[in-house]
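Here's the structure, in structure tokens; my notes come after.
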Amino acid sequence: MHISDTVHFQLDTDEGMQEFANLVPPSGHLVYVRSDASSEPQPYAVTLFHQMTCLDVVRQEFTQLPSSPAPQLVRHCMNYLRQTVLCRPSLFLESTVNSQALVSRAGYDVVCRDWNAVYEEAERNYAAYVDWSQEISNRR
């Protein structure tokens with residue numbers, strides 16, 4: 001993946017809002033896991049989708065008039081994203097435009113994990129959960 005500035009994901013346009021919304025699968029950020037064949041599936045948040053949801057929460061707050069104090073959900077997301085970055089930091093060196101290092105130069109290439117597989121599996125999982133839910137409802 002080439003890391004660089006983009007015209008996509010604008011903070012305050014309809015197109016940008018839709019791009020942020022599309023970062024999470026249509027089924028949401030949960031998957032359902034059964035401990036055995038006879039147990040009820042339990043919901044779990046996929047970290048990748050939780051992170052993307054939090055980015056959108058922060059984006060939404062950023063585009064609103066300031067509120068003091070920040071809403072609890074925004075505080076949760078900022079802390080969650082901070083911890084996530086600290087847990088899996090990128091240690092690439094970025095060349096900078098100035099000595100304050102607030103702006104990076106054009107961009108660089110990185111090797112990423114295949115997040116498409118995560119999206120595909122989350123959608124497969126949700127379809128299986130819906131099937132299971134309908135089967136349980138039909139039995140009643």
Side-chain angles (χ1 to χ4, degrees):
M1 176 180 202
H2 185 73
I3 304 295
S4 64
D5 286 336
T6 179
V7 297
H8 295 282
F9 298 97
Q10 296 299 309
L11 300 179
D12 56 357
T13 65
D14 289 341
E15 185 177 87
M17 287 187 286
Q18 188 59 51
E19 289 171 327
F20 272 97
N22 290 341
L23 290 172
V24 177
S27 59
H29 67 277
L30 299 178
V31 295
Y32 299 86
V33 179
R34 293 167 65 173
S35 58
D36 58 57
S38 63
S39 66
E40 184 173 327
Q42 298 299 307
Y44 291 87
V46 176
T47 302
L48 168 64
F49 304 146
H50 189 174
Q51 293 164 336
M52 294 297 109
T53 299
C54 273
L55 278 177
D56 196 29
V57 165
V58 171
R59 178 203 59 80
Q60 290 173 38
E61 183 66 17
F62 185 77
T63 61
Q64 301 300 313
L65 292 174
S67 61
S68 185
Q72 177 60 34
L73 182 57
V74 174
R75 291 194 310 270
H76 157 77
C77 284
M78 289 298 290
N79 189 49
Y80 181 74
L81 293 171
R82 177 188 59 80
Q83 290 171 345
T84 298
V85 170
L86 288 172
C87 181
R88 291 205 177 265
S90 173
L91 302 177
F92 285 100
L93 297 177
E94 300 177 358
S95 62
T96 62
V97 174
N98 57 37
S99 62
Q100 288 80 33
L102 297 176
V103 179
S104 296
R105 292 205 189 271
Y108 54 93
D109 292 328
V110 296
V111 176
C112 298
R113 292 189 169 120
D114 182 5
W115 64 79
N116 290 314
V118 178
Y119 282 84
E120 290 166 6
E121 182 59 21
E123 286 301 305
R124 187 208 59 75
N125 176 275
Y126 183 73
Y129 174 71
V130 168
D131 290 346
W132 176 85
S133 296
Q134 289 173 347
E135 184 180 316
I136 295 299
S137 292
N138 292 339
R139 288 183 195 166
R140 294 180 184 168

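Just so it is clear, the values below take in all heavy atoms, side chains as well, and ignore hydrogens, waters and symmetry mates.
Between F9 and L23 there is a side-chain heavy-atom pair separated by less than 4.5 Å. Taking 4.5 Å as the limit, some side-chain heavy atom of V46 sits within range of a side-chain heavy atom of V118. Proximity of L55 to R59: side-chain heavy atoms (C-beta onward) are nowhere separated by under 4.5 Å. Side-chain contact between Q18 and N22: present, with at least one pair of heavy atoms (C-beta onward) separated by less than 4.5 Å. A heavy-atom distance below 4.5 Å is found between the side chains of Q42 and E40. When side chains are defined from C-beta on, R88 does not count as touching T84, because their heavy atoms never get closer than 4.5 Å. Inter-residue side-chain proximity for F49 and V31 is flagged as unmet; no heavy-atom pair is nearer than 4.5 Å. Residues R75 and P69 are in side-chain contact: their nearest non-hydrogen atoms beyond the backbone lie under 4.5 Å apart.
In the hydrophobic cluster analysis, where Ile, Leu, Val, Met, Phe, Trp and Tyr join through side-chain heavy atoms closer than 4.5 angstrom, Y126 is grouped together with I136. Grouping the Ile, Leu, Val, Met, Phe, Trp and Tyr side chains by contacts below 4.5 angstrom, directly or via other members, places Y119 with Y44. Both V130 and L30 belong to a common hydrophobic cluster when Ile, Leu, Val, Met, Phe, Trp and Tyr are linked at side-chain heavy-atom distances under 4.5 angstrom.
Ring orientation note: the planes of Y80 and H76 are close to parallel, at an angle under 30° on the 30°/60° scale.
Rounding to the nearest 0.5 Å gives a distance of 10.5 Å between CD of Q64 and CG of D12. Within the model, atoms OG1 of T53 and CG of L48 stand 9.0 Å from one another, a figure rounded to the nearest 0.5 Å. In this structure, CZ in R82 is found 11.5 Å from SG in C87, a value given to the nearest 0.5 Å. Rounding to the nearest 0.5 Å places CE of M52 at 9.0 Å from CH2 of W115. Distance check: H50 NE2 to T47 OG1 gives 8.5 Å after rounding to the nearest 0.5 Å.
Residue E123 places its CD atom among more than 12 non-hydrogen atoms of other residues, nucleotides or ligands, all under 6.0 Å distant. Atom CE of M17 has more than 12 heavy atoms from other residues, nucleotides or ligands within 6.0 Å.
Closest heavy-atom contact between S27 and A122: OG-O, 4.4 Å. Nearest approach of Q10 to F20, heavy atoms of both residues: O-CE1, 4.1 Å.
Listed for the N138 side chain is a donor-acceptor partner under 3.5 Å among the backbone atoms of Q134.
Between R124 and E120 there is no salt bridge, since no side-chain nitrogen of the basic residue lies less than 4.0 Å from a carboxylate oxygen of the acidic one.
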Original post:
Yes or no on side-chain contact (heavy atoms from CB on, under 4.5 Å) for Q60 and D56, after CA distance, side-chain angles and deciding distance?
Top reply: CA-CA 6 Å; Q60 290 173 38; D56 196 29; 3.1 Å; yes
